[in-house]
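First listed ligand is number 1; within each ligand, the first listed atom is number 1. When reading the values below, keep in mind they use all heavy atoms of this one structure, side chains included, and skip hydrogens, waters and symmetry mates. As the structure is a prediction and not an experimental result, all values here were calculated from the model.
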Amino acid sequence: MIRRQDIGKGFPLFFLLLAFGSFIATYNLVAMVIHYRRRESVNQLRVDNFASGMLKIGRLRVQRQLFHVAATAIDAAYSRWQCRIMHYWSPDQVLVRSWSDLQINSWPGLQIKYWSGLHITSWLGSQTLASVRVISENDSHAQRPSRSVVPDSRPSATPLGLEVGEHFHYTFYLWMCLYIEDYVRRNGCLRKPSHGLDNSLFHIALELAKVLGDEGVINFEDVVHVIMKITDSSGYCFHVIFAADGRSLPECFKLFDLFHILTTDHQTVTRITKEVIEDFAAENVVYLELRTTPKQNESKGMTKLSYMKAVINGIQAVDTVDVAFVTSGANNLPLSETTPVNCISNCNKRKKIYVRLLLSIDRRETTASAMETVKLARELKDFGVVGLDLSGNPIVGEWETFLPALKHAKEIGLPITLHCGEVPNHKEIKAMIDFCPQRIGHACFLKEEEWTRVKVLRIPVEICLTSNIQMIEHDCAADIYKVNHPVALCTDDSGLFSTSLSNEYHLAASTFGLNKRDMFILARSAIQFSFADLEVKEELSKIFCEAEGTLFM
Ligand SMILES: CNc1ncnc2c1ncn2[C@@H]1O[C@H](COP(=O)(O)O)[C@@H](O)[C@H]1O
């Protein structure tokens, strides 16, 4: 028999549960409304087929600044519940190629099966997620399934992450909260998982780093953390892979050094170049200024010239889009094996991308080596090389070392862009501004008076929002944008920072408060600051003109 007293005792608990239930229901409702509002506003900016392409942001609904990968090692009810919600909220699941060849070495036995991007709204908050399926070998399936045994098909209609099929023992949830960066660098653009791990050079980087570690060339343990940014947390979330978060500047340069050891053979250089261009073209980028440091590597028979030939071969190897990179009169140049690739025919059917190259002088170089790069740039002027860049670890090297080469470049009419103010070295910042380069990049640590001079001299600024998060924090980027100072959005090292140009525009839209037309104008204005010749600039203007008609009819 239930006593009156007991009923009285149960009441507070009942109300508590009722209140909690109502809270969750209200939260979900509000989160859902906010999510769809956001989604609508982003969809207003959707310009997937935008001929000029720079603004393709439809797929980006990323609000957070960091990139996390959380992994569940169990097929618990909680995970299932989350998967259900993930599935429910993801009418537009995206399958990003098969990752089935990936083996993550630091997790022996795991093989990624597939990946898909999702959006989740729950009491945990509204987030963009992705699910990665991996296969374990550490179980009754002692043999690693061969490719044919593991079909590459996308998941069936069952909610993602729920089917614990023959080979599925783990479900990974990726809290994909990408963040922003800026201009394009070849090695920094090594493909990352989001582009398909079959091709991931990060994967190769790990493999090769292991080999080099075994050979005693590097200390594997030192670099593996930088490559994978491993963070071990307890419980069901046990890993973070390929995270872009928290990589410090010195770590970035450690990674660059590793890339250089790993990728500095002709074949890899060609491959990376091709992939970078394809990735940008896939984003509808119509003009790509790719910068790279010509490298010498005696053990591989590599000279700065042969390095550049490998880059040019990479440009030529692109077959998914038409690439225009060779200027007229190229036939007399020293690269006899390079055939000009241009897209005159079929342009309406195939995407076309203009690719131009900037040769970087690394801050570790000597004056003589910098001078060699300038001469090479002049030699390759008709092979898409349009200018020079000074980059590299900002705490290494002296401005005076590179000055003679840069002065020479100026004299022979090669445009120059400088990594300026990546660290607060005001003596150098002043000298760089006084040099009056055609553009500066990064500009994270400029003082008020330095900004004033940049503005007075109208030196265009390459804004790399992801890479230079300080520019957002200190409102510099928004400030210079608002006063109509010439700026160009760039990606810096898209692979390293897990970004894309679309992502940069998306970020700029939220940082600067841009609407679709503002973004269009911002993208178009970059034409004048590009180092392309007049002919290309006119072509680009035409593309934008056509796009304007389509976009703002
Ligand atoms: C964080 N922002 C940055 N600041 C300064 N230098 C950077 C950079 N990002 C890239 N590089 C420079 O570009 C090289 C990689 O491309 P390449 O091997 O030349 O194609 C790096 O080694 C570094 O020197």
Side-chain angles (χ1 to χ4, degrees), residues 179-191 201 205 223 226 244 246-266 268-277 280 288-297 300 302 304 307-308 310-312 314-315 355-365 369-370 373 376-377 385 387-397 399 402 417-423 425 428-429 432 439-445 461-471 490-499 504:
Y179 70 124
I180 353 139
E181 346 150 63
D182 105 15
Y183 59 74
V184 184
R185 210 154 256 294
R186 195 191 56 80
N187 275 337
C189 297
L190 288 171
R191 270 189 181 158
L201 278 163
V223 296
V226 188
R247 214 177 254 135
S248 65
L249 200 64
E251 279 180 330
C252 286
F253 285 99
K254 211 170 185 183
L255 204 52
F256 282 133
D257 286 347
L258 177 72
F259 288 162
H260 288 159
I261 299 172
L262 298 174
T263 64
T264 309
D265 66 77
H266 295 109
T268 317
V269 168
T270 299
R271 174 183 165 182
I272 299 170
T273 310
K274 176 178 181 281
E275 289 183 355
V276 169
I277 295 167
F280 275 91
L288 175 65
E289 228 165 65
L290 194 58
R291 55 189 97 187
T292 190
T293 324
K295 295 166 193 78
Q296 254 162 296
N297 183 352
K300 302 262 168 72
M302 180 179 277
K304 285 189 176 190
Y307 175 93
M308 285 313 300
V311 169
I312 291 170
I315 302 177
V355 177
R356 292 294 180 264
L357 299 167
L358 303 188
L359 302 199
S360 298
I361 295 169
D362 189 297
R363 295 184 62 109
R364 285 175 297 194
E365 289 184 64
S369 176
T373 300
L376 187 61
V385 176
L388 284 159
D389 163 56
L390 175 67
S391 60
N393 194 337
I395 57 167
V396 172
W399 168 248
F402 323 110
T417 174
L418 302 174
H419 281 55
C420 173
E422 262 188 288
V423 290
N425 175 350
E428 185 179 274
I429 292 172
M432 285 184 166
R439 295 197 310 241
I440 56 169
H442 296 292
C444 308
F445 291 98
V461 181
E462 297 158 355
I463 295 193
C464 307
L465 289 171
T466 303
S467 151
N468 304 142
I469 206 76
Q470 300 95 326
M471 284 196 89
C490 314
T491 56
D492 202 352
D493 309 293
S494 54
L496 195 67
F497 296 110
S498 302
T499 194
E504 295 303 302

Name the one of Thr293, Asp265, Thr292, Asn297 that satisfies side-chain hydrogen bond (donor to acceptor under 3.5 Å, both in side chains) with Tyr307? Thr292
I need the atoms of ligand 1 closer than 4.0 Å to a non-hydrogen atom of Asp362, numbered in the order shown. 24 (O)
Would you check whether Lys295 has a nitrogen or oxygen atom less than 3.5 angstrom from a nitrogen or oxygen atom of ligand 1? yes
Taking every non-hydrogen atom, the tightest pair across Arg439 and Leu358: NH2-CD1, 3.9 Å
Before signing off on this row, confirm whether Thr292 and ligand 1 have an N or O atom pair separated by under 3.5 Å. yes
Within the structure, does Ser360 bring an N/O atom to less than 3.5 angstrom of an N/O atom in ligand 1? no
Could you walk me through whether Glu462 and Arg291 satisfy the salt bridge (Lys or Arg N to Asp or Glu O under 4.0 Å) test, starting with their C-alpha distance in whole Å, then the side-chain angles of each, then the deciding distance to 0.1 Å, before giving a yes or no? CA-CA 13 Å; Glu462 297 158 355; Arg291 55 189 97 187; 3.1 Å; yes
Pick one of side chain, backbone, both or neither for how His442 approaches ligand 1, counting any non-hydrogen atom pair under 4.0 Å. side chain
Assess whether a salt bridge exists between Arg356 and Glu289, defined as any Lys/Arg side-chain N lying under 4.0 Å from an Asp/Glu carboxylate O. no
Per-atom filter on ligand 1: closer than 4.0 angstrom to a heavy atom of Glu422 are 1 (C), 2 (N), 3 (C), 4 (N), 5 (C)
Would you check, one step at a time, whether the test salt bridge (Lys or Arg N to Asp or Glu O under 4.0 Å) holds for Glu365 with Lys295? CA-CA 10 Å; Glu365 289 184 64; Lys295 295 166 193 78; over 6 Å; no
Atom indices of ligand 1 within 4.0 angstrom of Thr293 heavy atoms, with elements: 17 (P), 19 (O), 20 (O)
Identified side chain to side chain contact (heavy atoms under 4.5 Å, CB included) counterpart of Pro294 within the set Val385, Asp362, Thr373: Thr373
Can an N or O of Gly392 be found at a distance shorter than 3.5 Å from an N or O of ligand 1? yes
